[in-house]
Amino acid sequence: MLWNRSCSFGTDSPARACAHQAKEPQVHLVWLEDFIELARTRSFSRAAENRFVTHPAFGRRIKALEQWVGAELVTRSQPVTLTRAGKLFLDAAHNSVDVLYAARAQLQEAPAESENVLRLATGRTLSQTFFPDWYEGVKQHCGSFPVSVTTGGAQDVIMKLAAGEADILLIYSSPATRMLIDHQRYESQTIAHELLLPVSAPDKRGKPLYRLETGSGARVGVTPWLAFSQTLTLRGVLAKHLAELEHKPALKMVYQADSYEAIQEMAVRGTGVAWLPQRLVHKDLAEGRLLVAGEQNLRIRFDVSLYRVRGSTNALVNAIWDYAEAAAGDN
């Protein structure tokens, strides 16, 4: 990276030191671009033409750059060649120009600092199945606003909130998530309810390929099961529910993943039975790619919750919080 030198003070006074350094040429971005073009064309005249400057002016700019570097960068021959110093400096020029333009592009694309951007952390599945409709409702109440959504596993997004990198956390609620979040520092509210449904691909007769039964007269057999990995919030919800059943289904884990969508795909392919959020599989159920494969007592109700820092002074966060409370009260 190329930077202008700052004033450094020795035995001279600050004024004399800065006055001395002010006489030194300051590198300009245009000089770096000139040098890169000269290295590409190996011709002063062609490079000057491509840079829309006269030949003499272009030569002066290259000379000024060499004075700033303190070494000759090119040989004035036909064709122009780079000196050893020029070859080393070319890499630095390329890197500096690329970094500067990339930074400018990033800043131009970013919202202005005055804009109030909502930073929301949530799970990957919720970002697809729940957030879009919920966001539309929020906008109708609070007005349009920019939002930056970060997705990840439960622990990842909880850490985003804890690190101050998210204003609001939208997450499936479970005993595990409630243990991970400091309720003295953060407050929560339930904004929706969801069902975890046992589902299976259909067989040739249009019946569930795998059927879960828990009654005393259940058929004997082990059902292949598509399981949640430990990083998924709903693993704890499912485990708690199954542990409380008087008659538990016999399950054999044949596949495990840290993605509800990955498990959904394997269920559609007939690999095994899976418990999945209703919002995620509602199209598969409607179109017959999946069927509910268990009795009523195997359908598990759980919550979708919001978290924020207690006593938040963010006006947008507070407006969203108030909307969520009102909307939950209407349901």
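Under the 3.5 Å distance criterion, the side-chain polar atoms of Ser200 are matched with a main-chain donor or acceptor of Leu209. The main-chain N or O of Arg235 is never found under 3.5 Å from a side-chain atom of Trp275 such that the two would form a donor-acceptor pair. Between the Thr83 side chain and the Glu72 main chain, a donor and an acceptor come within less than 3.5 Å of each other. Asp303 places no side-chain N or O within donor-acceptor distance of the main-chain N or O of Thr190, the cut-off being under 3.5 Å. Judged by distance alone, the side chain of Gln264 and the main-chain N or O of Leu280 form a donor-acceptor pair under 3.5 Å. The backbone N or O of Tyr260 sits nowhere less than 3.5 Å from a side-chain atom of Arg124 that would complete a donor-acceptor pair. No side-chain donor-acceptor contact under 3.5 Å links Lys139 to the backbone of Glu136. Tyr210 places a side-chain N or O within donor-acceptor distance of the main-chain N or O of Gly270, the cut-off being under 3.5 Å.
Around CD of Gln230, the count of heavy atoms belonging to other residues, nucleotides or ligands within 6.0 Å does not exceed 12. Applying the 6.0 Å contact sphere to CZ of Arg279 captures more than 12 heavy atoms from other residues, nucleotides or ligands.
Just one of Asn314, Asn318, Asp167 meets the side-chain hydrogen bond (donor to acceptor under 3.5 Å, both in side chains) condition when paired with Arg308; it is Asn318.
A heavy-atom distance below 4.5 Å is found between the side chains of Leu226 and Thr271. Between Tyr307 and Gln189 the shortest side-chain heavy-atom distance does not fall below 4.5 Å. Side-chain contact between Arg301 and Glu194 is absent, with no heavy atoms from C-beta onward closer than 4.5 Å.
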Inset, instruction - Tell me, with the steps shown, if Ile36 and Val97 meet side-chain contact (heavy atoms from CB on, under 4.5 Å). - result: CA-CA 10 Å; Ile36 291 170; Val97 170; 3.9 Å; yes
Inset, instruction - Take Lys283 and Arg289 through the side-chain contact (heavy atoms from CB on, under 4.5 Å) test and state the conclusion after the steps. - result: CA-CA 8 Å; Lys283 287 186 178 179; Arg289 288 186 295 272; 4.3 Å; yes
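Note that CG of Leu118 and CD1 of Ile320 are 4.5 Å apart. Values are rounded to the nearest 0.5 Å. Rounded to the nearest 0.5 angstrom, Leu29 CG and Trp31 CH2 are separated by 11.5 Å. To the nearest 0.5 Å, atoms CZ (Arg40) and CG (Asn50) are separated by 6.0 Å. With values rounded to the nearest 0.5 angstrom, Tyr172 atom OH is found 8.5 Å from Thr233 atom OG1. Distance CG/Leu73 to CG/Leu38: 9.5 Å, rounded to 0.5 Å. With rounding to the nearest 0.5 angstrom, the NE2 atom of His193 is 13.0 Å from the CD atom of Gln278.
Note on Ile168 and Leu180: separate hydrophobic clusters, where clusters join Ile, Leu, Val, Met, Phe, Trp and Tyr whose side-chain heavy atoms are under 4.5 Å apart, directly or indirectly.
The list of salt bridge (charged side-chain N to carboxylate O under 4.0 Å, His left out) pairs with a residue in residues 46-68, not counting sequence neighbours, reads Glu33-Arg51, Asp34-Arg51, Asp34-Arg61, Glu66-Arg76.
Residues Lys160 and Ala121 come closest through the heavy atom pair CB-CB, 4.1 Å. Nearest approach of Asn297 to His241, heavy atoms of both residues: O-NE2, 2.6 Å. Shortest non-hydrogen contact noted between Ala227 and Ile263 is O-CD1, 3.3 Å.
Side-chain contact of Thr41 with Ser43: a donor-acceptor pair under 3.5 Å is absent, judged by distance alone. Judged by distance alone, the side chains of Thr231 and Gln155 never bring a donor and an acceptor atom under 3.5 Å apart.
With ring centers used as reference points, Tyr135 lies under 6.0 Å from Phe145.
Classified by interplanar angle (parallel below 30°, tilted 30° to 60°, perpendicular above 60°), the ring pair Trp134/Tyr323 is tilted.
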